[in-house]
Amino acid sequence: MNLYEGMNPEQQEAVEYTEGPLLLLAGAGSGKTRVLTHRIAYLIEHKGVAPWSIMAITFTNKAAQEMRERVDKLLEYGAGSVWVSTFHSACVRILRRYIDRIGYNTNFSIYKPDDQKTLMKDVLKTLDMDPKTYKERSMLAEISRAKNENIDPDLFESQAGGEWAKRRIAEVYREYQKQLKQNNALDFDDLLMKTVELFVKCPDVLDMYQERLRYIMVDEYQDTNTVQFKLVSLLAGKYRNLCVVGDDDQSIYKFRGANIQNILSFEKVFPDAKVIKLEQNYRSTKNILNAANGVISHNAGRKEKSLWTENEEGAKVDFRQFFSGFEEAEYITGDIARQVREGKCSYRDCAVLYRTNAQSRLFEEKLLMANIPYRLVGGINFYDRKEINDLLAYLKTVANPSDDLAVRRIINVPKRGIGATTINRVAEHAQEQGIGFFDALCEARHIPAIGRSLAKLESFVEFIEVLRTRAEYLSVKELMDEIIEKTGYVKELEEEDTDEARGRIENIDEFITKIVTYEEEKKALEEEPTVGGFLSEVALVADIDTVESDNDRVLLMTLHSAKGLEFSNVYMAGMEDGIFPSYMAITGDDSDDLEEERRLCYVGITRAMKHLTLTAVQQRMIRGETQYNKVSRFIREIPRELVDLGRSADAEKKRDIPLPNTSFMQMKQNFKARALDPRQFTVKKADKLDYEVGDTVRHVKFGVGIVTAIVEGGKDYEVTVDFDRVGVKKMFAAFAKLKKV
DNA sequence: ATCGCGCAAATTTTT
DNA sequence: TTTGCGCGAT
């Protein structure tokens, strides 16, 4: 395999420059993933580096998965041993192993924003603080900001000095951490911060990882925050083979603590760093790229860089204005329908991008009416649904006995006649005795004033205890079945017999399928599936991670979610001052905020390969109120000669779309029933396998082997392979992803 | 203990 | 427009 085929000199140089710090400034569409994957292959094949001493960190699980697949294609074997992961998943993996060294239990829970909010409410109550002046939202934002800077409560307090307001927040922060710890739980930011703490406090653990991970690569480096930088510096501290890839023009996560200084001053921190720029764009037409360049040139303080392309000039960038959001959505939908009808593209080539999730509704509605398949990314996550969170809370309760939040969520779900007063009494008792909520439940008979509720509490405790015992030998799926069976959760929904309840049952079925998928995948990798493992995985999936490329659908998502993706046809909707750039960015006094919006615009434009359409409207409904906005200033920053304003507005013939006689919700329901065909979630059994008995095949982790048997089962083929290195293994075809060599 | 009504508040972006 | 919460009734 020629690793350099079709690579430009800079890309080649980046692949070959393996020792010491390297900063790769890679513009949009400049083939950085290609460079990274080839670099990994080069390290293994030409430098004899062991696959397991290479770590690549990406921003999303989707990106990680893609990178794994691409490395796998380049290599004969060993690709499975390269550690490709997101920051958060990597940290979970490290902490599940060693967090007991810093005083937590390795079966810790991971608290998502919803859980954080609940916990924060408790914290504010404990501290007796007025929730009107101290909003949990802003408290959590402050704490998150601190954690992203690796500031612990002590440091926070000392930084507060004499400032009264800040000292108060420090108090909240301290109590919040205390309660997290009592629950043996970590929030997202803790995952990073505690890993750093672990490395600092336990040099032997750090040393072990340093010795193992000798080559480290970080993708989307412009979006790393201070803790992430610290983490990477620690890991790479010994061998200093650190390659970071980023583009300061695509830094769009400052609000989440991303520190653009990480990239701007990389050369100061690593004075011997080599800098390579990738400036040739392979993705977009000249017109699109120039439009992007035009916009981003209005930002100050950028790294010197000019993106160019050899691609054709292409069509001009379309800009269309409409009266209301209704017509905007109609136009975009109609345009997609037309393009597909004329055979110019497929649905999957089209993406509608917008600034806020709330804007998705109108597009959903129109696409639904036009019968165009779509996938909505983001907004309400699958795992944010009530029924799913209830079931997850059961699993958390079983896995982590200290997780009071989980216990309290499910203690009366489904209704067991245990009400607020009883729960408060138990909580008080726990507080007095300095024990956990669940422990307090166990000794409920010693709590005065529990009265008649005692029997109910005891039977609940017994139920959980039984589950914990059974969990020792049941699979995750079996455990979940038992929970559903014994609680009567689904049965209750069935009796409700409403559309809503039916939807919930569907979600639960989907959830169970996800459990099964998780278990099968783990088994295919010869790893033990566990409740804790499943919970970690679930906590860290973003909606974008679950977008399958093999479905032919239009994608709807925010500009943020679109980072790292590309489409032939991109529609950027809501190009209005106050929407994009957001009202906050315009009115705020920080010019940085506006620049970040501009970078976001740059990211959006550079997603497009062939066609870019920007739209704006005169009046827009925002939470019930009509707003009148001016055309986005970003439109004016695109060189005029690159823009096509379309025929005059009245020449745009409005086509009549028949009004549906069904409600939006109902249509959505129907669409869901059609789109979420069960086949999509169960593993599809291949019609036939592309290998047979006697063939030599390759497995990501086990390497090369010979197929000795194939048994056809109901759901899938069970394949037996005799591997050169690890011996005979049995596996399911759909998960093992064996490739004939 | 549970249900339901009515009023208030909220929306930037996410691992 | 949608969601969340508090209070009163059963």
Side-chain angles (χ1 to χ4, degrees), chain A residues 57-64 85-92 110-114 116-118 121 131-132 135-138 141 144 147-148 186-192 220 223-225 227-228 251-258 325 353-362 365 377-381 383-384 386 412-424 452-453 456 536-545 557-564 574 578-588 593 596-597 599-601 603-604 620-627 664-665:
Chain A
I57 304 174
T58 60
F59 199 68
T60 62
N61 293 300
K62 185 180 163 63
S85 142
T86 64
F87 270 106
H88 294 267
S89 330
C91 288
V92 169
I110 299 169
Y111 280 3
K112 296 200 281 211
D114 270 351
Q116 296 184 54
K117 247 170 110 184
T118 316
K121 266 182 213 155
K132 292 235 162 60
K135 296 249 192 322
E136 78 242 13
R137 242 180 83 82
S138 60
S144 177
K147 286 182 175 179
N148 286 326
L186 304 182
D187 65 17
F188 279 175
D189 300 322
D190 279 340
L191 294 175
L192 304 166
E220 306 283 10
D223 286 320
T224 52
N225 61 36
V227 205
Q228 286 166 332
S251 163
I252 55 173
Y253 282 104
K254 195 185 118 190
F255 72 93
R256 210 174 69 191
L353 311 182
Y354 36 77
R355 178 66 236 269
T356 65
N357 280 308
Q359 288 167 258
S360 67
R361 286 191 61 105
L362 283 168
E365 227 163 304
V377 179
I380 10 98
N381 193 310
Y383 292 103
D384 287 338
K386 206 187 305 156
N412 201 29
V413 177
K415 303 262 175 303
R416 297 187 174 87
I418 303 171
T421 18
T422 310
I423 292 171
N424 282 338
R452 268 177 306 147
S453 304
K456 294 171 192 160
S536 312
E537 206 149 289
V538 154
L540 299 176
V541 281
D543 208 18
I544 190 73
D545 299 331
M557 67 185 120
T558 61
L559 288 150
H560 282 88
S561 299
K563 194 178 70 160
I579 304 290
F580 187 34
S582 77
Y583 180 75
M584 300 292 255
I586 296 174
T587 54
D593 290 348
E596 177 143 321
E597 296 280 308
R599 289 192 291 269
L600 189 56
C601 184
V603 167
R620 187 176 289 279
M621 279 274 258
I622 302 284
R623 53 173 196 259
E625 254 179 313
T626 308
Q627 257 186 27
F664 175 53
M665 284 315 282

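All of these numbers come straight from a predicted model, not from anything done at the bench.
The P atoms of C/dG4 and B/dT13 are separated by 15 Å, rounded to the nearest whole Å.
Between A/G378 and A/G419, the residue anchored nearer the 5' end of DNA chain B, judged by the nucleotide with its closest heavy atom, is A/G419. In terms of position along DNA chain B, the nucleotide closest to A/A358 lies nearer the 5' end than the nucleotide closest to the other residue of the pair A/A358 and A/L540.
Contact detail for A/S89 and A/N61: the closest heavy-atom pair is OG-OD1, 3.5 Å. For the residue pair A/D223 and A/Q228, the shortest heavy atom distance occurs at O-OE1, 3.9 Å. Minimum interatomic distance between A/T422 and A/S453 (heavy atoms only, all atoms of both residues): OG1-OG, 3.2 Å. The minimum heavy-atom distance between A/G604 and A/L559, with the atom names listed, is CA-CD2, 3.7 Å.
Among the atoms of the strands shown, none is found under 4.0 Å from any heavy atom of A/S89. A/F87 comes within 4.0 angstrom of nothing in the nucleic acid, heavy atoms only. Using a 4.0 Å heavy-atom cutoff across all strands shown, A/R599 reaches no nucleic acid atom at all. In this structure, A/A420 reaches the sugar-phosphate backbone alone: every heavy-atom distance under 4.0 Å involves primed, P, OP1 or OP2 atoms, never a base. Residue-level contact check: A/D189 touches neither bases nor backbone, having no heavy atom under 4.0 Å from any strand. As judged by a 4.0 angstrom heavy-atom cut-off over every strand, A/K254 is placed among residues making no nucleic acid contact. Residue contacts shown for A/F580 are absent, as no nucleic acid heavy atom lies under 4.0 Å away. A/N61 comes within 4.0 angstrom of nothing in the nucleic acid, heavy atoms only.
Nucleotides of DNA chain B that come within less than 4.0 Å of any heavy atom of chain A span, from the 5' end to the 3' end, B/dA1 to B/dT15.
Counting heavy atoms from C-beta on, the side chains of A/D187 and A/K147 come closer than 4.5 Å. The shortest side-chain heavy-atom distance between A/L353 and A/T558 does not fall under the 4.5 Å cut-off.
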*Can you give one letter per nucleotide of nucleotides 5-10 of chain C, 5' to 3': B if a protein heavy atom sits under 4.0 Å from the base, S if only from the sugar-phosphate, - if neither?*
S-----

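Distance check: A/Q116 CD to A/R137 CZ gives 12.0 Å after rounding to the nearest 0.5 Å.
Remark: aromatic rings of A/H560 and A/F255 are close, center separation under 6.0 Å.
With salt bridges taken as basic N to acidic carboxylate O contacts below 4.0 Å, one links A/K254 and A/D593.
Distance CZ (A/R623) to P (C/dG4): 15 Å, rounded to an integer number of Å. If you take CZ of A/R620 and C1' of C/dT1, they are 15 Å apart, rounded to a whole angstrom.
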